[in-house]
Amino acid sequence: MPELPEVEAVARTLRPLVEGRRIRSVHVLHTIATRPQNPSQIARLVQGQQIKSVERKGKYLWLQLTQGIVTLHFKLDGQLLWFPSAKKMFEVANRKDAGVHVDVAFELENGILGFADGRHFGRVYVYKSGDACPALAGLGVAALSPDFTASRLSGLLVASRRPLKEFLLDQSRVAGIGNIYSSESLWHARLNPFRRANSLSSAEARRLHKAIVSVLARALECCLHPPPDFRDASWWFQGLEKILRVYDRRGKPCRRCGNEIERIAQGGRSTYFCAHCQK
DNA sequence: CCTGCTACCTGATGGC
DNA sequence: TGCCATCAGGTAGCAG
C-alpha cells in the first residue's frame with residue numbers, strides 16, 4: 001500500500017482491530033522481512049505487550065506498544081491480512097498453491113494480524129522506542145500534517161537544486177509522496193518535473209503545496225471507499241485510476257490541453273507529464 | 001553534506 | 001506459443 005493515502009487508509013482500518021489488544025506471540029515465517037533482527041529478539045521485545053495505538057508517518061506504519069514499537073513498511077506490494085485463528089492462517093498461508101505469503105504474523109487475543117508480501121520487499125522491525133528507529137527519525141515533514149504548510153514547503157524547495165520530481169520523492173524532506181502522487185501533484189501544479197526545486201517562485205511553491213494536499217486528500221478519500229479488506233488476500237485499492245490525471249497515461253491526451261502525455265525516466269523511475277502545459 | 005547508482009525480490013506484461 | 005526484456009505504487013547502502 002505504497003504511498004501516504006494508502007497507508008493512512010490501512011492505519012484507520014487497523015485501529016479498531018488491534019488497539020488495546022495484547023500480542024500473545026509473534027511468528028516470523030520469512031526472516032528476510034525482519035533481518036538483521038532475529039525472531040527471538042523480536043519475540044522477546046514484543047510478546048505479551050499491549051498495542052496502545054497505531055501510528056503513521058509518511059509511508060511508515062507502526063504499532064505503539066506499552067514499551068517499544070513495531071514498524072511496518074509495505075514497500076511496493078506488502079499488505080496486511082487478518083485471520084480468525086492461527087489454524088485458518090496456516091490453511092492458506094505459505095502454501096505453493098495459495099499465493100498468500102505471510103512473512104510475519106502477530107497472534108492477538110481476537111485473531112491473527114499477518115504482514116504479507118509475496119515479493120519480500122516489505123519490512124517489519126522492532127525498537128525500544130520511536131527515537132531508536134533511524135528510518136522514522138530521518139523522515140521529513142509529514143505531508144497532510146498541520147506542519148506541512150506552503151511556507152514550510154517553500155523553505156525546503158529553496159534549499160534544494162534537485163529536479164522537482166526527485167525532490168518530491170525524497171522522504172527526508174517531505175514524507176509520504178511516492179511515484180504516482182509526485183507526477184500527479186506536478187501535473188496539477190502545472191510544473192515541469194525537470195525544474196530545479198530552488199527555481200520556483202513563491203506563487204509556484206504555493207501552487208505545488210496546494211496540489212500536493214489536494215491530490216493526497218482526494219486519493220485518501222478514494223482509498224477509504226471502499227476501505228481495505230484485510231480478510232481478502234486478493235483485495236487491493238480500487239478506482240484510483242479514476243482520479244489519476246497523468247500517471248500511466250503515456251501517449252494519451254493531456255486532460256487539460258490535449259497534448260500527448262510523455263513518460264520519461266528520472267532517478268531510475270517513471271515520470272509522466274505534459275510538456276505543453278507543465279512549465 | 002549532496003547526488004546518482006545498484007541491489008533487493010517476484011510476477012505480470014509486451015514485443016518479437 | 002515461447003522466450004526474453006522490461007516494468008512495478010520503495011528505500012538502504014555505497015561511491016564519488
Side-chain angles (χ1 to χ4, degrees), chain A residues 1-10 29-37 56-62 71-80 94 96-104 115-125 133-140 143 156-187 194 196-198 212 215-216 218-220 222-223 228 233-251 263-272:
Chain A
M1 340 204 155
E3 306 184 34
L4 183 153
E6 290 83 358
V7 181
E8 174 62 16
V10 168
L29 305 168
H30 284 277
T31 55
I32 189 174
T34 60
R35 233 175 289 170
Q37 299 186 350
R56 179 194 61 76
K57 182 172 183 181
K59 304 168 201 172
Y60 278 86
L61 193 68
W62 70 94
T71 64
L72 308 172
H73 198 298
F74 303 107
K75 293 290 178 81
L76 293 171
D77 295 327
Q79 62 177 151
L80 292 180
N94 305 345
K96 283 192 185 74
D97 45 341
V100 178
H101 302 264
V102 177
D103 287 346
V104 182
F115 181 93
D117 185 353
R119 204 170 164 185
H120 305 298
F121 264 19
R123 293 292 180 262
V124 177
Y125 296 123
C133 171
L136 281 184
L139 293 176
L156 292 165
L157 286 163
V158 165
S160 171
R161 40 178 284 103
R162 302 189 81 174
L164 284 174
K165 172 67 178 347
E166 294 174 31
F167 171 90
L168 291 178
L169 288 181
D170 185 345
Q171 304 299 301
S172 72
R173 295 187 161 103
V174 180
I177 304 167
N179 206 38
I180 291 183
Y181 302 128
S182 54
S183 278
E184 290 295 310
S185 298
L186 290 171
W187 183 87
F194 290 108
R196 301 273 171 184
N198 63 2
I212 291 168
V215 161
L216 295 180
R218 176 126 197 255
L220 175 56
C222 187
C223 289
S234 65
W235 178 90
W236 199 247
F237 296 95
Q238 305 292 310
L240 282 173
E241 59 293 339
K242 290 199 303 279
I243 66 169
L244 300 182
R245 305 286 88 178
V246 270
Y247 185 83
D248 207 19
R249 300 195 67 244
R250 171 171 50 170
R263 187 186 79 163
I264 47 103
Q266 282 181 293
R269 326 237 9 231
S270 293
T271 297
Y272 296 86

Hey, what's the ring geometry for A:His101 with A:His120, parallel, tilted or perpendicular (30° and 60° as the breaks)?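 It falls in the perpendicular class, over 60°.
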Under the side-chain contact (heavy atoms from CB on, under 4.5 Å) rule, collect the residues that match up with A:Arg250, sequence neighbours excluded.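 A:Arg250 satisfies side-chain contact (heavy atoms from CB on, under 4.5 Å) with A:Arg263, A:Tyr272 once adjacent residues are dropped.
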Keeping [X] on the side-chain end and [Y] on the backbone end, is there a donor-acceptor pair under 3.5 Å?
X        : Y        : value
A:Arg56  : A:Gly58  : yes
A:Arg269 : A:Ala265 : no
A:Gln171 : A:Gly176 : yes
A:Glu6   : A:Ala219 : no
A:Ser182 : A:Asn179 : yes
A:Arg123 : A:Phe121 : yes
A:Lys57  : A:Gly140 : yes
A:Arg161 : A:Val158 : no

At a heavy-atom distance below 4.0 Å, what parts of residues 156-169 of chain A sit against DNA chain C?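 Heavy-atom contacts with DNA chain C come from no residue of residues 156-169 of chain A; none.
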Below 4.0 angstrom, which residues in residues 115-123 of chain A have at least one non-hydrogen atom near DNA chain C?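 Contacting residues: A:Arg119, A:Phe121.
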Verify the contact: side-chain N or O of A:Gln171 to OP1 or OP2 of C:dT11, cut-off strictly under 4.0 Å; return yes or no.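 So the side chain of A:Gln171 is within the cut-off, an N or O lying under 4.0 Å from OP1 or OP2 of C:dT11.
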Measuring to OP1 and OP2 of C:dG10, would you say a side-chain N or O of A:His73 lies under 4.0 angstrom away?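 It does not, given that no N or O in the side chain of A:His73 lies less than 4.0 Å from OP1 or OP2 of C:dG10.
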Rounded distance (Å) that lies between atom [atom2] of [N] and atom [atom1] of [X]:
X        : N      : atom1 : atom2 : result
A:Leu139 : C:dG10 : CG    : P     : 14 Å
A:Asp77  : C:dA8  : CG    : C1'   : 7 Å
A:Glu6   : C:dA8  : CD    : P     : 16 Å
A:Leu76  : C:dC7  : CG    : C1'   : 11 Å
A:Arg269 : C:dA8  : CZ    : P     : 8 Å
A:Asp170 : C:dT11 : CG    : C1'   : 11 Å
A:Leu61  : C:dT11 : CG    : P     : 13 Å

Taking atom P in both B:dG11 and C:dT11, what distance in whole Å separates the two?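 Taking atom P in both B:dG11 and C:dT11, they lie 22 Å apart.
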Rounding to the closest angstrom, what is the interatomic distance between B:dA7 and C:dT6 at atom P?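 The answer is 15 Å between these two P atoms.
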Gap separating the [atom1] atom of [X] from the [atom2] atom of [Y], nearest 0.5 angstrom:
X        : Y        : atom1 : atom2 : result
A:Leu61  : A:Leu80  : CG    : CG    : 6.5 Å
A:Asp117 : A:Ile32  : CG    : CD1   : 9.5 Å
A:Ser183 : A:Leu164 : OG    : CG    : 11.5 Å
A:Trp62  : A:Leu136 : CH2   : CG    : 5.0 Å

Scan A:Arg35 against the nucleic acid and name what it touches under 4.0 Å (heavy atoms): base, sugar-phosphate only, or nothing.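 Since no nucleic acid heavy atom lies under 4.0 Å of A:Arg35, the category is nothing.
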Would you classify A:Arg173 as touching base, sugar-phosphate or nothing, given that sugar-phosphate means primed atoms plus P, OP1 and OP2, and contacts are heavy atoms under 4.0 Å?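 Sugar-phosphate, backbone atoms only, no base.
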So, do A:Asp103 and A:Val124 sit near enough that their side-chain heavy atoms are less than 4.5 Å apart?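 Answer no - side chains too far apart.
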Pick one: which of A:Arg196, A:Arg173, A:Gln266 meets side chain to side chain contact (heavy atoms under 4.5 Å, CB included) with A:Arg162?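 Checked A:Arg196, A:Arg173, A:Gln266 against A:Arg162; only one passes side chain to side chain contact (heavy atoms under 4.5 Å, CB included): A:Arg173.
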Are the aromatic ring centres of A:Phe74 and A:Phe115 under 6.0 angstrom apart?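 When the ring centroids of A:Phe74 and A:Phe115 are compared, they turn out to be within the sub-6.0 Å range.
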Under 3.5 Å, which N/O atoms of the protein pair with N/O atoms of nucleotides 12-16 of chain C?
unit_1, atom_1, unit_2, atom_2, d
C:dA12, OP1, A:Tyr60, OH, 2.8

With a 4.0 angstrom cut-off to heavy atoms of chain A, pull out the first and last contacting nucleotide of DNA chain B, in 5'-to-3' order.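 From 5' to 3', the first and last contacting nucleotides are B:dT3 to B:dT10.
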Enumerate, in order of first residue number, the stems that involve DNA chain B, defined as 3 or more consecutive Watson-Crick or G-U wobble pairs with both distances under 3.5 Å.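 If one scans DNA chain B for consecutive Watson-Crick or G-U pairs, the stems found are B:2-8 with C:10-16, B:10-16 with C:2-8.
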